[in-house]
Student: 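Structure incoming, see below.
Chain letters run A, B, ... following the sequence lines, proteins first and then strands; every chain starts at 1. Just the heavy atoms: all of them, side chains too, but no hydrogens, waters or symmetry mates, feed the values below.
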There are 2 protein chains.
Amino acid sequence: MADRTAQGPRGENLLFLTDDQLRKAIEAMFFAYQGFTADPDRILSEKGFGRAHHRALHFINRSPGTTVNNLLGILGVTKQSLNRVLRSLIAAGFVEVRVGDKDKRERHLFLTEDGAGLEKMLSEAQRARMRAAFREAGPEAVTGFRTVLEQMMDEESRRMFQRLKDGA
Amino acid sequence: MADRTAQGPRGENLLFLTDDQLRKAIEAMFFAYQGFTADPDRILSEKGFGRAHHRALHFINRSPGTTVNNLLGILGVTKQSLNRVLRSLIAAGFVEVRVGDKDKRERHLFLTEDGAGLEKMLSEAQRARMRAAFREAGPEAVTGFRTVLEQMMDEESRRMFQRLKDGA
DNA sequence: CTTGGAATGTCAACAATGCTGACATAAAAT
DNA sequence: ATTTTATGTCAGCATTGTTGACATTCCAAG
């Protein structure tokens, strides 16, 4: 392993910023994301669903009554793409739609009991892996992990993430 | 923000392992990965390619002369899926194939000059974002980041990553 | 040496999930 | 009241994952 501790003029650790170190980090991100999604993907594929369904379930569970438009902003896909996913979740009885009370154009989304059950199954699997990784890595590593992730986000995603982070 | 520093019996930071903290980390991973792929995706879509083409270019660039079978192990997709991507990269003149010298079943893959140019463009964009995130987060965060990522990988991916990390 | 099986890669067809475009309905603005 | 804007749906296309069928090459057993 190359020396990681060379100090720059302002005491910064510069070797982290070599292209080679960055390339390794990029590859780590790629492989880690495979792991991140592997367990839920397995469960979903048995039920004929995909990763997009998981994302929808996650954010509906997190913000019950959210609208389609709301979800679009969070997920960063087109409404047409999301609509297809929602349609199949509704048809399968995992999601319930209620037409807006004040604004009748809006559709408010809720998990059914079954939907909540599936969401729990998926997020339990994902949390279990995350928990194990965090335990192995230790609390300081986890803090660093979250710091870097936040910096990697687009401005818009970061705002969304912040807004979700503290309640909402 | 909730207190992050509660200490467990063995001095471990246990609050990180609450479901709520884990859920936030999961969301951070989701949004960060969007950012991670955003810049290359933009470039690729202009050229009529997708993320799968980027991955192939990356690993061919990294290990010139690698075989199709080799790439399959790294990318974790089926050979049929990879084959389609390679076919279009070859047709576009970005990748060159040489039939194996010893084993004529094998196809060895190389980037053409154009392919190397495109790969450089894509990886420069991705590295720029990573570099900026690392700079903002600081060296200790980066160490933690990489530690956690490595722990999140599947066993097989971790072995692959380790093998790639040190030469090879 | 021949033959049968294993390894490598290609082609075809299907599914999930992005996308754009056209449209219906409800709300808001003029 | 009519036009414009916002929200959501439906249809069709592209990318990229999948499985299945097949061709070629290598290797090992007889």
Student: In whole Å, what is the span from the CG atom of A:Asn70 to the P atom of D:dA6?
Tutor: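 In whole Å, D:dA6 P lies 16 Å from A:Asn70 CG.
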Student: On DNA chain D, does the nearest nucleotide to A:Ile90 precede the nearest nucleotide to B:His53 from the 5' side, or the other way round? Give the residue.
Tutor: A:Ile90
Student: If you only use heavy atoms from C-beta on, which nucleotide in C:dA27, C:dG9, D:dT18 is closest to the side chain of B:Lys79?
Tutor: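 Between C:dA27, C:dG9, D:dT18, the one nearest the side chain of B:Lys79 would be C:dG9.
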Student: What nucleotide among D:dG17, D:dT24, D:dC10 has an atom nearest to a side-chain atom of B:Arg105?
Tutor: D:dT24
Student: How many whole angstroms separate atom CG of A:Leu71 from atom C1' of D:dG8?
Tutor: 13 Å
Student: Does any donor-acceptor pair link the side chain of B:Arg51 with the base of D:dG17 at a separation under 3.5 Å?
Tutor: no
Student: Look at the side chain of B:Asn69 and decide which nucleotide, out of C:dT8, D:dT9, C:dA27, has an atom nearest to it.
Tutor: C:dT8
Student: Just how far is it from atom CZ of A:Arg84 to atom CD of A:Gln80, taken to the nearest 0.5 Å?
Tutor: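 Between atom CZ of A:Arg84 and atom CD of A:Gln80 there are 9.5 Å.
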Student: Can the ring centres of A:Phe145 and A:Phe134 be said to be less than 6.0 Å apart?
Tutor: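 For A:Phe145 and A:Phe134, the ring centres are under 6.0 Å apart.
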Student: Write down the distance between CG (A:Asn83) and C1' (C:dC19), rounded to a whole number of angstrom.
Tutor: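 So the CG-C1' distance, A:Asn83 to C:dC19, works out to 14 Å.
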Student: Can you measure B:Asp41 atom CG to C:dC19 atom C1' for me and round it to whole angstrom units?
Tutor: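 Whole-Å distance recorded here is 13 Å.
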Student: Using the salt bridge (charged side-chain N to carboxylate O under 4.0 Å, His left out) rule, collect all pairs that involve residues 25-43 of chain A, keeping only residues at least two apart or in two chains.
Tutor: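 Found A:Arg23-A:Glu27, A:Glu27-B:Arg62, A:Asp39-A:Arg42, A:Asp39-A:Arg129, A:Asp41-A:Arg51.
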Student: Between the base of C:dG21 and the side chain of A:Gln80, is there a donor-acceptor distance below 3.5 Å?
Tutor: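 Side chain to base: pair found, below 3.5 Å.
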Student: How many Å lie between CG on B:Leu86 and P on D:dT15, as a whole number?
Tutor: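 Result: 15 Å.
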Student: Between the base of C:dG9 and the side chain of B:Glu106, is there a donor and acceptor pair under 3.5 angstrom?
Tutor: no
Student: Considering only D:dT9, C:dC19, D:dT18, which nucleotide approaches the side chain of B:Thr78 most closely?
Tutor: D:dT18
Student: Starting at CG of B:Leu72 and ending at P of D:dG17, how long is that distance when rounded to a whole Å?
Tutor: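 In whole Å, D:dG17 P lies 11 Å from B:Leu72 CG.
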Student: Look at the side chain of A:Ser88 and the backbone N and O of A:Val85, then say whether any donor-acceptor pair between them is shorter than 3.5 Å.
Tutor: yes
Student: Students often get this wrong, so: under 4.0 angstrom with heavy atoms, is B:Gly100 touching a base, only sugar-phosphate, or nothing?
Tutor: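 No contact.
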Student: What I want to find out is whether B:Arg159 reaches B:Glu156 closely enough, with some N-O distance under 4.0 Å, to be called a salt bridge.
Tutor: no
Student: Looking at the side chain of B:Asp103, which of D:dT9, C:dA13, D:dT25 is the nearest nucleotide?
Tutor: D:dT25
Student: In plain terms, say whether B:Arg107 and B:Glu96 are close enough for a salt bridge, that is, a side-chain N and a carboxylate O under 4.0 Å apart.
Tutor: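 The answer is no: the pair does not qualify as a salt bridge.
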Student: Which whole-number value in Å describes the distance from A:Arg84 CZ to D:dG12 P?
Tutor: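 Nearest whole value for this atom pair: 13 Å.
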Student: Looking at every strand, decide which applies to A:Ser45 at a 4.0 Å heavy-atom threshold: base, sugar-phosphate, or nothing.
Tutor: nothing
Student: Can you tell me if B:Arg87 touches the phosphate of C:dA12, counting only side-chain N or O atoms and a distance under 4.0 Å to OP1 or OP2?
Tutor: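 For C:dA12, OP1/OP2 do not have a side-chain N/O of B:Arg87 under 4.0 Å.
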Student: Among C:dG18, D:dT25, C:dG9, which is the nearest nucleotide to the side chain of A:Ala52?
Tutor: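 Between C:dG18, D:dT25, C:dG9, the one nearest the side chain of A:Ala52 would be C:dG18.
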Student: Take atom CZ of A:Phe49 and atom P of C:dA16, then tell me their distance rounded to the nearest Å.
Tutor: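 Interatomic distance, CZ of A:Phe49 to P of C:dA16: 10 Å.
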